[in-house]
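Note that this is a predicted model, so its numbers are computed, not measured.
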Amino acid sequence: MKELQRLLGMRIRRLRIRKGYTQESFADEFGLHRNFMGSVERGEQNLTLKSLQIITTGLGTTMAKLLSGLE
């Protein structure tokens with residue numbers, strides 16, 4: 001499970017950077033805490049569906065696309 005969280009976090013970080021957001025600006029824009037975003041991107045945070053939906057919306061993608069190939 002930790003490996004899945006780490007891979008997902010890396011993917012989220014890559015997409016966030018492509019969109020031109022810092023962790024702080026992304027968190028502020030979408031109502032998340034910047035420490036939360038850091039822990040997500042490091043693979044330390046187990047995401048809820050609600051937070052995953054907020055993140056995917058902010059990244060301009062879908063949950064299915066974000067999770068595709070991570071299994």
For this session: Go through the structure and list residues passing side-chain contact (heavy atoms from CB on, under 4.5 Å) with Q53, not counting sequence neighbours.
Result: T57, M63
For this session: State plainly whether one hydrophobic cluster holds both L59 and M10, where clusters connect Ile, Leu, Val, Met, Phe, Trp and Tyr through side-chain heavy atoms under 4.5 angstrom apart.
Result: no
Exercise. With sequence neighbours left out, what residues match K65 under side-chain contact (heavy atoms from CB on, under 4.5 Å)?
Worked result: T61, T62
Problem set entry | Any donor-acceptor pair under 3.5 Å from R16 side chain to Y21 backbone | yes
For this session: Check the hydrophobic clustering (I, L, V, M, F, W, Y; side-chain heavy atoms under 4.5 Å; chains of links allowed) and say if L70 and L47 are grouped together.
Result: yes
Exercise. By side-chain contact (heavy atoms from CB on, under 4.5 Å), which residues pair with Q5, not counting sequence neighbours?
Worked result: M1, K2, N46
Seminar exercise, completed: For E29, the salt bridge (Lys or Arg N to Asp or Glu O under 4.0 Å) test, sequence neighbours excluded, returns none
Problem set entry | CA sep, side-chain torsions, deciding dist, call: L15, I55, side chain to side chain contact (heavy atoms under 4.5 Å, CB included) | CA-CA 10 Å; L15 292 172; I55 290 169; over 6 Å; no
Exercise. Only one of E41, K19, M37 clears side chain to side chain contact (heavy atoms under 4.5 Å, CB included) with F26; which?
Worked result: M37
Problem set entry | Results of side-chain hydrogen bond (donor to acceptor under 3.5 Å, both in side chains) for R11 - residues two or more places apart only | none
Exercise. Taking only residues two or more places apart in sequence or in another chain, which ones pass side-chain contact (heavy atoms from CB on, under 4.5 Å) with T22?
Worked result: E24, S25
Problem set entry | Those residues that, when tested against S51, pass side-chain hydrogen bond (donor to acceptor under 3.5 Å, both in side chains) (two or more places apart) | T48
For this session: Can you run down the salt bridge (Lys or Arg N to Asp or Glu O under 4.0 Å) pairs that involve residues 43-53, sequence neighbours left out, and say none if there aren't any?
Result: R42-E44
Problem set entry | By side-chain hydrogen bond (donor to acceptor under 3.5 Å, both in side chains) - contacts of R6 (at least two apart) | E3
Exercise. Would you say the side chain of L67 lies within less than 4.5 Å of the side chain of L52, judging by non-hydrogen atoms?
Worked result: yes
